[in-house]
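One is the number of the first residue; the rest follow in order along the sequence.
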Amino acid sequence: MSGFTLVFGALAALYAWGWWRAKRRGRGWPLWRLALFVGSALALVPVSSPPSMHWAHADFRAHLAVHLVAGDGRQYIFEPKTGARFTAA
């Protein structure tokens, strides 16, 4: 098990624990939000692993695939015509 797996697994577990505590107190959020967060955190594990990073440095297509999975593709998904970038307010 790599350090990447531990980090993103821990993030997913902490988020799920927070969801469970909030739900138990009557202030929970929808289950789909938990599923999306845990799924995206776990999707980063194979993409950010050393073999994938080595492949991404050798192949431009793999490099762009890493960007899409890591979330940089959201600008093309949500704003496909303008390509507008999301900026912090």
Novice: Kindly give the heavy-atom pair with the smallest separation between Trp19 and Pro30, and that separation in Å.
Specialist: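 What the structure gives for the nearest pair is NE1-O, 4.0 Å.
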Novice: Donor-acceptor pair, distance only, cut-off 3.5 Å: does the side chain of His57 make one with the backbone of Met53?
Specialist: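 Yes, the answer is positive, given that a donor and an acceptor are paired below the 3.5 Å cut-off.
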Novice: Check the angle between the aromatic planes of His63 and His67 and answer parallel, tilted or perpendicular using the 30° and 60° thresholds.
Specialist: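 Aromatic pair His63/His67 classed perpendicular.
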Novice: Do Phe60 and Leu68 sit in the same hydrophobic cluster, where Ile, Leu, Val, Met, Phe, Trp and Tyr count as joined when their side-chain heavy atoms come under 4.5 Å apart?
Specialist: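 Phe60 and Leu68: separate clusters.
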Novice: Of the non-hydrogen atoms in Ala56 and Val66, which two are nearest, and what is the gap between them?
Specialist: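 Minimum heavy-atom separation between Ala56 and Val66: CB-CG2, 4.0 Å.
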Novice: For residues Ser52 and Pro46, report the shortest heavy-atom separation together with the two atoms involved.
Specialist: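 Heavy-atom minimum between the residues: OG-O, 2.6 Å.
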Novice: If every non-hydrogen atom of Ala22 is compared with every non-hydrogen atom of Trp29, which pair is closest and at what distance?
Specialist: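 That closest heavy-atom pairing would be CB-CZ3, 3.7 Å.
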Novice: Quick one: CG on Asp59 to CG on Leu64, what's the gap to the nearest 0.5 Å?
Specialist: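 One gets 9.0 Å once the value is rounded to the nearest 0.5 Å.
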Novice: Please check if the number of heavy atoms outside Arg61 that lie under 6.0 Å from its CZ is greater than 12.
Specialist: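 Result for CZ/Arg61: open.
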Novice: Could you walk me through whether Tyr15 and Arg33 satisfy the side-chain contact (heavy atoms from CB on, under 4.5 Å) test, starting with their C-alpha distance in whole Å, then the side-chain angles of each, then the deciding distance to 0.1 Å, before giving a yes or no?
Specialist: CA-CA 10 Å; Tyr15 194 86; Arg33 240 174 79 180; 3.8 Å; yes
